[in-house]
Amino acid sequence: MSAVIANRSQPPGAAAARPSQGLSALLRNTQALDPLTPVDSVADSMLDSRYAGLLSLPVVRGDEPIGTISRYEMMRVFLMRFGRELYGHRAIETLANRNALILAIDTPIDEAARLIAERIQSPITDDFILVDSGGRYLGTGVVLDVLRAMDASLAERSSELERAYARLKSSQLQLVQSEKMASLGQMVAGLVHEINTPLGYVRNNVEMTRNTLGDAGRLLGAYEAIHRSLFEESVEPPADLPDRLAEAAELRRRVDESALIDIGELLDDSLHGLGQIAELVDNLKNFSRLDQGLLQKADLNQLVASALRIVQHVMRKRDIEVIFQNGELPEIPCAPAQINQVLLNLLNNAAQAIEHEHGRITVRTQLMGARVLVLVEDNGKGIEQKHLERIFDPFFTTKEVGKGTGLGLSIAHQIVTRHNGLLRVVSRPGVGTRFLLALPVAAREVRT
Amino acid sequence: MSFLPTIVLVDDEERILRSLRMLFRGRAEVLCTTRGADVVEWVGKRKVHVVVSDQRMPEMTGIEVLREVARVSPATMRILLTGYADMDAVIASVNEGEIFRFLEKPWNGEKLVAAVMRAAEIAASSLERPLIAPAPAAPPIALPSRKVAHALVLDAQGGVANLVRQIMPESIRVSVAPEIGMALDELVTHDVAVIVAVMSSEAGDIVDAIKQLKKLRPATLVIAVSSMQDSRLTISLINEGQIFRFLLAPPGRELLRRCLASALERHAQLRLSPVLAERHEVEESRSSQVTLSGRLLDVWRRLREGATRA
């Protein structure tokens with residue numbers, strides 16, 4: 001009777017299979033049924049423990065797969081009145097599902113899963129047949145094994161994704177940091193120039209003052225000597241008087257009253273220069289603060305003035321006229337170092353947008369309702385509509401490779417958003433660009 | 001004290017001008033302005049020995065000012081005094097400004113006075129003899145064809161050497177030295193008009209050699225080709241090495257050709273009136289000699305003897 005059952009394989013370790021691998025990891029060496037096997041003996045086989053894990057059994061002639069016979073189909077037949085009597089002696093091929101899924105052994109598991117999903121029906125009634133490249137029968141595969149393999153690979157993929165996400169996040173942090181460093185570098189270059197100019201004349205003036213005071217001291221000494229020799233030592237003019245007079249005359253050539261007046265002026269200049277240096281250092285201090293999380297009450301007008309001072313060299317170098325119209329503003333809660341970064345970015349962008357000789361940047365501040373507004377407006381080349389849409393996107397830049405990170409405005413936007421504020425832009429190519437920064441007067445919860 | 005040179009100071013900060021005017025009081029007649037255009041006008045109208053210019057100024061940059069000065073009054077010595085040196089400005093100061101010194105703010109009073117007064121002395125002798133023809137607006141296109149010149153390429157890789165060979169007409173002898181020792185031998189035995197020195201990051205001894213060489217042979221012109229964007233090094237090559245041109249590696253063919261043509265022409269001028277070589281006088285080097293090996297020092301001695309005999 002039955003052509004049943006040979007060596008039944010162990011259920012393969014589905015978790016070890018990878019979706020890109022072929023189905024060989026899932027292959028079960030199921031003994032196939034001859035097409036002429038009577039339905040009765042197939043029913044007996046189905047009770048055999050060796051076929052326990054299978055939804056359907058393969059029907060194969062020689063090594064050519066004919067189809068599958070499922071437990072479901074057998075059940076349908078046997079549940080019919082006299083079903084077993086009517087069908088029991090017929091050959092199994094009369095009941096076999098001729099459209100059974102037949103897969104080549106090298107089909108990738110994810111491809112197999114796709115094919116299974118395409119034809120799946122409820123309830124799942126059939127497993128599938130595996131064949132070699134010549135279409136010859138090799139064994140069967142179980143749908144459940146495929147699902148397990150897919151599940152395992154999904155878990156692996158998602159942990160891979162998690163790792164990739166973590167890597168991405170850390171490189172984003174690095175980029176944000178390098179954007180900061182880049183703008184810092186630019187700022188330092190400008191500040192070095194700004195500081196070296198006053199430092200140059202202050203140092204020179206102090207040196208000259210020291211020399212002049214030395215000469216003045218010696219001149220006083222010479223006069224003193226003349227005075228002594230005239231009035232104290234003797235009645236007669238002493239013999240060395242002509243020498244002393246000559247010495248005094250020589251010194252007088254180097255230092256006289258007008259030199260002392262000049263020195264006074266130079267010292268005034270020096271005080272002015274030192275004041276400038278102190279101011280620059282003070283501004284720098286504001287910018288370098290790293291206490292980002294700390295919310296402070298700050299006057300936006302002061303922040304703008306301070307940012308303008310920092311970019312002054314850029315403006316002067318490009319001969320850009322800067323107009324600052326400050327409205328009356330209340331102090332607002334914010335992280336000043338971060339707002340400074342935003343302002344600096346807007347001002348630098350404005351300066352870079354100007355390519356002609358009559359550059360003008362207008363900065364206006366005003367209170368409007370519950371918001372403090374800062375408008376930064378330039379008469380530069382403007383931004384095309386298609387670029388405008390992407391202007392706050394990270395890494396979007398119209399500059400040459402290596403010239404900009406494309407993060408400046410994206411970071412600015414993030415900072416403003418964290419302050420519950422708004423950053424908006426309008427632009428007309430050839431006319432100019434206006435950025436609007438709006439920050440709330442009263443802080444809701446600010447996440448810095 | 002009888003010689004009172006005229007010096008012109010230009011800076012957009014008036015306090016710098018006041019301070020410098022005071023520094024030169026009794027030493028020079030000082031003209032000051034915040035506008036570069038004034039400087040160009042003045043050097044055209046009167047005898048000006050030295051122009052000291054700031055770099056970053058509105059309207060005209062220092063290099064633009066000095067380039068115009070060189071055109072209008074080539075005998076006037078040019079000095080840049082700047083608070084911040086970005087690489088572009090440093091390179092342009094060599095190639096366009098052909099400056100005598102690149103000085104930085106804050107300056108050292110004594111050194112500044114020494115540099116300016118030395119420049120004034122040198123300018124005085126050039127101003128006496130109108131030997132420098134105004135530089136032509138465009139550099140001459142044709143390379144001199146007489147067999148007067150000898151070019152030396154110091155190039156370990158050979159790429160620049162090949163380029164120079166292609167550019168130079170056959171009448172000019174081109175020798176190539178892959179390392180500094182061979183270059184020095186060449187310098188001892190030949191009267192080299194122009195050296196093209198390719199510098200890499202390990203080129204410390206080349207830099208020192210150039211500085212030493214210019215002390216002994218001020219008429220030999222050096223074109224430095226460097227991949228290093230190091231402004232400090234380049235400034236020292238200006239002040240202590242008086243390089244004639246500075247090119248970033250790899251140099252463009254046309255640019256290199258123009259530089260070589262200008263260098264050969266300048267060398268011919270210097271041969272005609274050796275006093276002009278003073279204009280390329282170098283500042284005392286701070287670092288060299290210590291690093292030169294015994295063998296190199298020996299070559300230098302031979303060079304020096306040759307120089308004193310000449």
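Sequence lines set the chain letters: A, B, ... in the order given, protein chains first and strands last, and positions in each chain run from 1. All of these numbers come straight from a predicted model, not from anything done at the bench.
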* **E240(B) side-chain N/O to L237(B) backbone N/O, donor-acceptor pair under 3.5 Å** => no
* To do: Could you walk me through whether R101(B) and V116(B) pass the side chain to side chain contact (heavy atoms under 4.5 Å, CB included) test, one step at a time?
  => CA-CA 9 Å; R101(B) 293 290 180 266; V116(B) 172; over 6 Å; no
* **From CA spacing to verdict: side chain to side chain contact (heavy atoms under 4.5 Å, CB included), L375(A), F435(A)** => CA-CA 6 Å; L375(A) 283 146; F435(A) 276 90; over 6 Å; no
* Asked: When heavy-atom pairs shorter than 4.5 Å are enumerated against chain B, which of G273(A), P198(A), A259(A) gives the highest number?
  -> A259(A)
* Structure fact -> Per-residue tally against chain B (heavy atom, under 4.5 Å) across E207(A), H272(A), E265(A) peaks at H272(A)
* Show your working on side chain to side chain contact (heavy atoms under 4.5 Å, CB included) between V282(B) and N239(B) and close with a plain yes or no. => CA-CA 6 Å; V282(B) 296; N239(B) 294 339; over 6 Å; no
* Asked: Under the 3.5 angstrom rule, does the side chain of R27(B) hit a backbone N or O of L23(B) as a donor-acceptor pair?
  -> yes
* Structure fact -> By residue number, those in residues 10-20 of chain B with heavy atoms under 4.5 Å from heavy atoms of chain A are D12(B), E13(B), R15(B), I16(B), R18(B), S19(B), L20(B)
* Does a donor on one side chain sit under 3.5 Å from an acceptor on the other, for T365(A) and N326(A)? -> no
* Looking only at heavy atoms, which of residues 37-48 of chain B get nearer than 4.5 Å to chain A? -> none
* Are side-chain N/O atoms of N345(A) and N349(A) paired as donor and acceptor at under 3.5 Å? -> yes
* To do: Heavy-atom distances under 4.5 Å only: say whether L199(A) touches chain B with side chain, backbone, both or neither.
  => both
* To do: Could you please spell out the steps behind the side chain to side chain contact (heavy atoms under 4.5 Å, CB included) verdict for I223(B) and I243(B)?
  => CA-CA 6 Å; I223(B) 297 172; I243(B) 49 172; over 6 Å; no
* To do: Could you verify whether a donor N or O on one side chain and an acceptor N or O on the other, from R279(B) and S126(B), lie under 3.5 Å apart?
  => yes
* Choice from R25(B), E59(B), E110(B), M57(B) maximising heavy atom contacts with chain A below 4.5 Å -> R25(B)
* Structure fact -> Comparing N204(A), T197(A), V202(A) against chain B, the one with the most heavy-atom pairs below 4.5 Å turns out to be N204(A)
* By a 4.5 Å heavy-atom criterion (distance strictly below it), what part of R316(A) contacts chain B: side chain, backbone, both, or neither? -> both
* To do: Take T433(A) and K381(A) through the side chain to side chain donor-acceptor pair (under 3.5 Å) test and state the conclusion after the steps.
  => CA-CA 8 Å; T433(A) 302; K381(A) 61 183 172 184; over 6 Å; no
* Only one of I323(A), D378(A), V322(A), V376(A) forms a side-chain contact (heavy atoms from CB on, under 4.5 Å) with T362(A), so which one is it? -> I323(A)
* To do: Without swapping roles, check the side chain of D155(B) against the backbone of V198(B) for a donor-acceptor pair under 3.5 Å.
  => no
